[in-house]
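Here the structure comes first, spelled out in structure tokens, and everything after it is commentary.
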Amino acid sequence: MPTRPEYCVIACAEAWRDNGEVLASPMGLVPGFGARLAKRTFSPDLLLTDGEATLVGLDGTPEGWLPYRRHLTMVTGGRRHVMMGASQIDRYGNQNISCIGDWERPARQLLGVRGAPVNTLNNPVSYWIPKHSPRVFVERVDMVSGVGHDRAEAAGVTRFHRLPRVVSDLGVFDFDGPDRTMRLASLHPGVTLDRVREATGFELALPEGGEVPYTREPTGEELRLIREVIDPKGLRDREVRA
């Protein structure tokens, strides 16, 4: 029987389906496992990196050099798909990793904006949120780090702007709601719609007809890869409660 963390790995892996030869940049354990699973199964052309300056194979063996200038070229050319985290995210996909509270005098200082604006305006960006709560899924982010659909449209910078999906420990979300707002695409098995609504600080759009499917089941081979090859130590359980 698959566990909740394993459904999360599957949901993250699906973000890179049909991406072709692009650089996967997963941030976090579960997204990293998802990227490696995708490359081992349905996205063999995916490029993996050690997170610094080297392209690596499935076993971590260096396969090529990825200097910073080449990395930037891939970003600005859209040949990179990032899965970032979010301290806050709103219905349009605006993401905050910078501060909580008024930015002039924040109650909490976080990472800072970092590369989020460039990422979101130049290459696909998905999000991974291991603890779905109203403190993260908010009506309005305190500061915009990653650019959402409404702000990208207002600024006229939608040509390369793409937010494929958000994966949390409760479900999978896309932006196929009205006016490109967040929509609940699937529930992880064992999670109810009421639970997701209680944990979200804004009203979520639902699939047409109101029926929400469950996140797809991993195949037997995918489960074997997760448990025996990709994460034999069970580190996925540290990010998501089984």
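Every value quoted in this text rests on a predicted model; they were computed, and no experiment measured them.
At a threshold of 4.5 Å between non-hydrogen side-chain atoms, the residues Leu37 and Ile10 count as touching. Within the 4.5 Å cutoff, the side chain of Thr49 has heavy atoms near those of the Leu23 side chain. Side-chain contact check for Ser126 versus Met84: every heavy-atom pair is 4.5 Å or farther apart. His149 has its side chain within reach of His161: a pair of non-hydrogen atoms, C-beta onward, lies under 4.5 Å apart. Considering only heavy atoms from C-beta on, Pro207 comes within 4.5 Å of Pro213 through its side chain. Side-chain contact between Tyr92 and Thr181 is present, with heavy atoms from C-beta onward closer than 4.5 Å. Between Ile89 and Met182, some side-chain heavy-atom pair lies under the 4.5 Å cut-off.
When the shell of 6.0 Å around CG of Asp176 is examined, it contains more than 12 heavy atoms from other residues, nucleotides or ligands. Other residues, nucleotides and ligands contribute only 12 or fewer heavy atoms inside 6.0 Å of the CD atom of Glu203. The environment of Arg238 atom CZ is sparse: at most 12 non-hydrogen atoms of other residues, nucleotides or ligands sit within 6.0 angstrom. Atom CD of Glu221 sits in a crowded spot, with more than 12 heavy atoms from other residues, nucleotides or ligands closer than 6.0 Å.
Under the 3.5 Å distance criterion, the side-chain polar atoms of Asp90 are matched with a main-chain donor or acceptor of Asn94. Not one N or O on the side chain of Gln88 forms a donor-acceptor pair closer than 3.5 Å with the backbone of Gln95. Using a distance-only test at 3.5 Å, with no hydrogens or angles considered, a donor-acceptor pair links the side chain of Arg165 to the main chain of Ala11. Side-chain atoms of Thr200 do not come within 3.5 Å of backbone N or O of Arg197 as any donor-acceptor pair.
In this structure, the separation between CE on Met143 and CH2 on Trp103 is 7.0 Å, given to the nearest 0.5 Å. Interatomic distance, Trp16 CH2 to Leu46 CG, rounded to the nearest 0.5 Å: 7.5 Å. Separating the CG atom in Leu110 from the CG atom in Asp142 is a distance of 9.5 Å, to the nearest 0.5 Å.
The salt bridge (Lys or Arg N to Asp or Glu O under 4.0 Å) check on Asp231 picks up Arg236, with sequence neighbours excluded. The side-chain hydrogen bond (donor to acceptor under 3.5 Å, both in side chains) check on Arg40 picks up nothing, with sequence neighbours excluded. Residues satisfying the ring pair (Phe, Tyr, Trp, His ring centres under 6.0 Å) test with Phe137, not counting sequence neighbours, are His132, Phe173.
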Worksheet item: Stepwise, does the side chain to side chain contact (heavy atoms under 4.5 Å, CB included) test hold for Thr3 with Val240?
Response: CA-CA 10 Å; Thr3 64; Val240 180; over 6 Å; no

Worksheet entry | Derivation of the ring pair (Phe, Tyr, Trp, His ring centres under 6.0 Å) call for His188 and Tyr214 | CA-CA 6 Å; His188 298 327; Tyr214 286 113; 9.6 Å; no

Discussion item. Would Arg91 and Asp150 count as a side chain to side chain contact (heavy atoms under 4.5 Å, CB included) here? Give the steps.
Written reply: CA-CA 10 Å; Arg91 70 177 76 231; Asp150 57 341; over 6 Å; no

Discussion item. Pair Cys12, Met83 - check side chain to side chain contact (heavy atoms under 4.5 Å, CB included), show working.
Written reply: CA-CA 8 Å; Cys12 288; Met83 182 167 280; 3.6 Å; yes

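A salt bridge links Arg183 with Asp174; the closest basic N to acidic carboxylate O contact falls under 4.0 Å. For Arg216 and Glu14, the salt-bridge test passes: some basic side-chain N is under 4.0 Å from an acidic carboxylate O. Checked for salt-bridge contact, Lys131 and Glu239 miss the test: no charged N lies under 4.0 Å from a carboxylate O.
In this structure, Phe42 stands alone, with no Ile, Leu, Val, Met, Phe, Trp or Tyr side-chain heavy atom under 4.5 Å from its own, directly or through other members. Its side chain within the 4.5 Å cluster rule, Val141 clusters with Val138, Val144 among the Ile, Leu, Val, Met, Phe, Trp and Tyr residues. Grouped with Leu121 in one hydrophobic cluster are Val147, Val157, the linkage being side-chain heavy-atom contacts under 4.5 Å among Ile, Leu, Val, Met, Phe, Trp and Tyr residues.
Between the side chains of Thr61 and Asp59, a donor-acceptor pair is found at a separation under 3.5 Å. Judged purely by distance below 3.5 Å, without hydrogens or angles, the side chains of Ser186 and Thr215 pair a donor atom with an acceptor atom. Under the 3.5 Å distance criterion, with hydrogens and angles disregarded, a donor-acceptor pair is assigned to the side chains of Asn119 and Arg80.
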